[in-house]
2 protein chains.
Amino acid sequence: MHTLQNKLTSLYPEMSRPDLQLVLKKWDVATYPRHHVLVREGEYSPYLYYLAMGAVRTYYHKLDKEVTEWLALEGTFFTSSLGFYRNLPSRLAIAFLEPSKVFLLHRDQMEALCSHAHGIERLFRKLLIEHLLVTQQRVDSFHFETAQQRYEHLLEQNPSIIQRIPLSYIASFLGMTQETLSRIRNVR
Amino acid sequence: MHTLQNKLTSLYPEMSRPDLQLVLKKWDVATYPRHHVLVREGEYSPYLYYLAMGAVRTYYHKLDKEVTEWLALEGTFFTSSLGFYRNLPSRLAIAFLEPSKVFLLHRDQMEALCSHAHGIERLFRKLLIEHLLVTQQRVDSFHFETAQQRYEHLLEQNPSIIQRIPLSYIASFLGMTQETLSRIRNVR
DNA sequence: TTAAATCCATGACATTTGTCAAAAAATAGG
DNA sequence: CCTATTTTTTGACAAATGTCATGGATTTAA
């Protein structure tokens, strides 16, 4: 089960029971229908989100075309880093691709939690390490891999994205056009 | 001046004096000549480095060609994230492009410091936020920008790299060939 | 200071990926 | 179950970037 509690525990298994409970209490829950736009480009969105169910994408407009920056299925965190960590307006928009259930935590809540307990500060440091390593890997994939290899790696590492999410979003997420991805899939 | 103390202070200005002193004490210093290889691919390198003087690059081999993953001048941190944060062997090699002065902190030292004082854990959380935002920006540049735009942004944001570092490394860092970069510079 | 090594520019051509247009296929919702 | 809508495939062609080869300029190190 993709519970928030499980997720947090796996990040920092040694965390104390009371710290964990305290953190869990501060999140809000919400559910949204397919296609709902959670955040628009340029809005403030100082939240960390945990997707408990569903699918979501973050995107923005580049010369009036939509570019998908990130795709996530249930069991993952997502956020606008600028919004959450820097309190700046989000470059990104966020919208759901399936009916979804989301937990959200405001940056002020997080900062307060971090100040309140050393163990909680550690939890969020560990979350950042995860986030950094994933992001690093994404840089590498763009830097060193061809379109074909990027697709193959996604297929290996996250096949359910390919089954559940429309091709056009996946192509954009991988940094190529829909036509190119279609050709790659069909062996050209 | 690119002192480590200034750098740490700017990350977390409210840090207590004793915490700061404690952190500073744990770093080692070393100087290296040009071309010195600090870490080879596949070696363990559980260190965070601060470059106080000089220039450095991280790179690895892709089909027997060297690809530059990162370039840094004095005043910046650098590391193998896998080595430092995960204690895994480094995918990357690290070598100096100029005679350099480096501060280094072992991951065990960092973890001990974090455990010792809440304020220090916060410092390293803030360091991670910086690192994440920079990395995020790099993803975006690969995802959304053409070779030309990537070069122009580097020119704006870090012109001294272009003056001090050989074209071939810069090209590779920007994800293009040396010939392409040469043509971009010379207006084609 | 000079020879060797490295670095940079340029031409010809190949490859990858993008663009535009249209039709086929799949899906959603009444 | 059927139609409207969305998604995917395919073709023809264009643009961006890579590859290979070469020569000149610059830098390094003895």
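Chain letters run A, B, ... following the sequence lines, proteins first, then strands; residues in each count from 1.
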Presence of salt bridge, B/Glu74 and B/Arg164, under 4.0 angstrom |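 Yes, this pair counts.
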
Is A/Arg91 salt-bridged to A/Glu41, going by a charged N under 4.0 Å from an acidic O?
->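 Between A/Glu41 and A/Arg91 there is no salt bridge, as every charged N stays at least 4.0 Å from the carboxylate O atoms.
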
5' priority, DNA chain C, between B/Leu181 and A/Glu145 [closest heavy atom] =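 With A/Glu145 and B/Leu181 compared, the 5'-side residue is B/Leu181.
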
More 5' along DNA chain C: B/Tyr169 or B/Glu179, using each one's nearest nucleotide?
->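 The residue closer to the strand's 5' end, by nearest nucleotide, is B/Tyr169.
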
Is any side-chain N or O of B/Gln178 under 3.5 Å from a base N or O of C/dC7, one able to act as donor and the other as acceptor?
->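 A donor-acceptor contact between them is absent.
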
N/O donor-acceptor pair, side chain A/Arg183 with base D/dG11, under 3.5 angstrom =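 Present.
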
DNA chain C contacts made by residues 157-168 of chain B, counting heavy atoms under 4.0 Å |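 By residue number: B/Pro166, B/Leu167, B/Ser168.
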
Check the pair B/Leu48, B/Phe103 against side-chain contact (heavy atoms from CB on, under 4.5 Å), reporting the backbone distance first and the verdict last.
-> CA-CA 8 Å; B/Leu48 176 65; B/Phe103 290 82; over 6 Å; no

Nearest of D/dT28, D/dT17, C/dC20 to any side-chain atom of B/Ala147?
->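 Selected nucleotide (nearest to the side chain): D/dT17.
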
Round to the nearest Å and state the distance from [X] atom [atom1] to [N] atom [atom2].
| X | N | atom1 | atom2 | value |
| --- | --- | --- | --- | --- |
| B/Asn186 | C/dT10 | CG | C1' | 9 Å |
| A/Phe142 | D/dT17 | CZ | P | 15 Å |
| B/Lys65 | D/dT19 | NZ | P | 5 Å |
| A/Leu174 | C/dG18 | CG | C1' | 16 Å |
| B/Gln148 | D/dT17 | CD | P | 8 Å |
| B/His143 | C/dG18 | NE2 | P | 10 Å |
| B/Tyr151 | D/dT17 | OH | P | 15 Å |
| A/Phe144 | D/dG18 | CZ | C1' | 17 Å |

Would you give me the side-chain donor-acceptor pairs under 3.5 Å for residues 17-27 of chain A, sequence neighbours excluded?
unit_1	atom_1	unit_2	atom_2	d
A/Asp19	OD2	A/Ser16	OG	3.4
A/Trp27	NE1	A/Val23	O	3.4

Presence of B/Ser182 side-chain N/O under 4.0 Å of C/dA9 phosphate oxygens OP1/OP2 =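 Yes.
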
Check whether any side-chain N or O of B/Thr180 sits under 4.0 Å from OP1 or OP2 of D/dT17, and answer yes or no.
->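 Checking B/Thr180 against D/dT17: no side-chain N or O falls below 4.0 Å of OP1 or OP2.
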
Check the angle between the aromatic planes of B/His106 and B/Tyr47 and answer parallel, tilted or perpendicular using the 30° and 60° thresholds.
->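 B/His106 vs B/Tyr47 ring planes: perpendicular.
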
Angle class for the A/Trp70/A/Phe173 ring planes (parallel below 30°, perpendicular above 60°, tilted otherwise)?
->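 A/Trp70 and A/Phe173: perpendicular rings.
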
Take B/Gly175 and B/His35, find for each the nucleotide of DNA chain D with the closest heavy atom, and name the residue whose nucleotide sits nearer the 5' end.
->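 Upstream on the strand: B/Gly175.
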
Can you list the residues that meet the side chain to side chain contact (heavy atoms under 4.5 Å, CB included) rule with A/Leu88, with sequence neighbours excluded?
->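 If we apply the side chain to side chain contact (heavy atoms under 4.5 Å, CB included) test to A/Leu88, skipping adjacent residues, the hits are A/Leu82, A/Arg86.
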
